[in-house]
Amino acid sequence: RTGIHAVTSPPSDFLLPHVPGPRGDLHLGGAKLQSIYPISGLGAGIGLNCTLISYAGSMEFGFVGNGSALPGIDRLAQHTREAFAALRRAAARRRPTSA
């Protein structure tokens, strides 16, 4: 709305906010909240927003992208899923065993 994009380049074309959520379970009317999925918006000149939110020991990723700047956002989500699974497997192998 300010028109700033007409006089300067955007400071970034990628945003990666992390929203720390509650560490424990939340309930409403006796029903347990199962998970939280992040969704965000794009500002002028931003091609991709990847928002992370944690909740009760889990981490969720949300991707919002400019389709003309990033036509393969579905592949990005799949690659992220695969990389995160590999990271979890590697971390599990490095965990010390209890005696």
Are the side chains of N66 and L48 in touch, meaning some heavy atoms are under 4.5 Å apart? no
May I ask you to test the P17-N49 pair for a side-chain heavy-atom distance under 4.5 Å? yes
Sidechain-backbone polar pair: S54 side chain, G21 backbone, donor-acceptor under 3.5 Å: yes
How far does CE of M59 sit from CZ of R88, to the nearest 0.5 angstrom? 10.5 Å
Side chains of L28 and L33: does their closest heavy-atom pair fall under 4.5 Å? no
Does one hydrophobic cluster hold both F84 and F63, with members joined at side-chain heavy-atom distances below 4.5 Å? yes
Do L70 and L76 have side-chain heavy atoms sitting under 4.5 Å apart? yes
Nearest 0.5 Å, what's the CD1-OG distance between I53 and S35? 10.5 Å
Heavy atoms from other residues, nucleotides or ligands near CG of L87 exceed 12 (cutoff 6.0 Å): yes
Hey, do the aromatic rings of F61 and Y37 have their centres closer than 6.0 Å? no
Output, in order, the C-alpha distance, side-chain angles, deciding distance and verdict of side chain to side chain contact (heavy atoms under 4.5 Å, CB included) for L26 and K32. CA-CA 6 Å; L26 296 179; K32 179 182 169 188; over 6 Å; no
In this structure, CD of E60 is separated from OG1 of T51 (nearest 0.5 Å) by 12.5 Å
Under 3.5 Å, side chain of Y55 to main-chain N/O of D25, donor-acceptor pair present? no
Heavy-atom closest pair, residues L42 and V64: CD2-O, 3.5 Å
Residues that R81 engages under side-chain hydrogen bond (donor to acceptor under 3.5 Å, both in side chains), provided they are two or more places apart: Q78
